[in-house]
Amino acid sequence: MRKAPSDFFNHVYAIVAQIPHGCVLTYGQIAAMAGNPRAARIVGYAMNSAPDDRDLPCHRVVNRIGEMAPGLIFGGADRQRAMLEAEGVTFKPDGCIDLDKHLWWPKK
DNA sequence: ATGCTGACAGGAG
DNA sequence: ACTCCTGCCAGCA
């Protein structure tokens with residue numbers, strides 16, 4: 001039984017892995033779901049350490065403004081943008097994701 | 001064991 | 001309105 005690195009990390013992975021297509025989540029949002037609204041940074045760290053075993057759609061995880069990392073992601077922010085658009089996510093001329101439309105809320 | 005860093009968020013100036 | 005700084009939590013050296 002896969003020993004979890006941490007309940008927190010495990011929780012984050014579970015949440016991210018359940019994000020539906022065409023939707024995105026913010027680190028703070030995920031952190032709050034995991035139980036630590038203050039651990040937004042940890043969520044990002046978890047993504048960095050994110051094992052591909054989990055098939056983590058880290059490209060659906062963005063910061064509060066809907067912008068992705070400078071390019072530390074799986075292949076490039078530009079790559080992520082194309083990926084999200086392919087799922088139905090729209091971007092603002094600013095280059096940020098339209099959180100107002102695609103911000104996933106698990107029960108609201 | 002301690003300190004530093006880090007895919008963020010939020011408050012203050 | 002925008003920008004800068006601090007705070008928080010967990011992993012890693």
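Lettering of chains follows the sequences in order, A, B, ..., and the numbering in each one begins at 1.
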Please report the distance, rounded to the nearest Å, between [atom1] in [X] and [atom2] in [N].
| X | N | atom1 | atom2 | value |
| --- | --- | --- | --- | --- |
| A/L25 | B/dC8 | CG | P | 15 Å |
| A/H11 | C/dA10 | NE2 | P | 13 Å |
| A/M68 | B/dC8 | CE | P | 13 Å |
| A/F8 | B/dA7 | CZ | P | 17 Å |
| A/I97 | B/dA7 | CD1 | P | 18 Å |
| A/L99 | B/dA9 | CG | P | 10 Å |
| A/N36 | B/dC8 | CG | C1' | 13 Å |
| A/I65 | C/dT3 | CD1 | P | 11 Å |

Note, A/V12 side chain near A/M47 side chain (heavy atom, < 4.5 Å): yes
Pairwise distance CD1(A/I15) to CG(A/L56) - rounded to 0.5 angstrom: 11.0 Å
Value rounded to 0.5 Å, distance of CZ in A/R64 from CG in A/L99: 10.5 Å
Choosing from [options], which nucleotide comes nearest the side chain of [X]?
| X | options | answer |
| --- | --- | --- |
| A/R41 | C/dA10, B/dA7, B/dG6 | B/dG6 |
| A/R38 | C/dC9, C/dG11, C/dG7 | C/dC9 |
| A/N48 | C/dG11, B/dA7, B/dC8 | B/dA7 |
| A/C58 | B/dG10, C/dA10, B/dA7 | B/dA7 |
| A/I42 | C/dG11, C/dC9, B/dA9 | C/dC9 |

DNA chain C: 5'-proximal contact among A/S49 and A/R64 (nearest heavy atom): A/R64
Just list the side-chain donor-acceptor pairs under 3.5 Å for residues 28-41 of chain A, sequence neighbours left out, or say none.
none

side-chain hydrogen bond (donor to acceptor under 3.5 Å, both in side chains) against A/R60, all qualifying residues, sequence neighbours excluded: A/H21, A/E87
5'-most by nearest nucleotide on DNA chain B - A/Y45 or A/N63: A/Y45
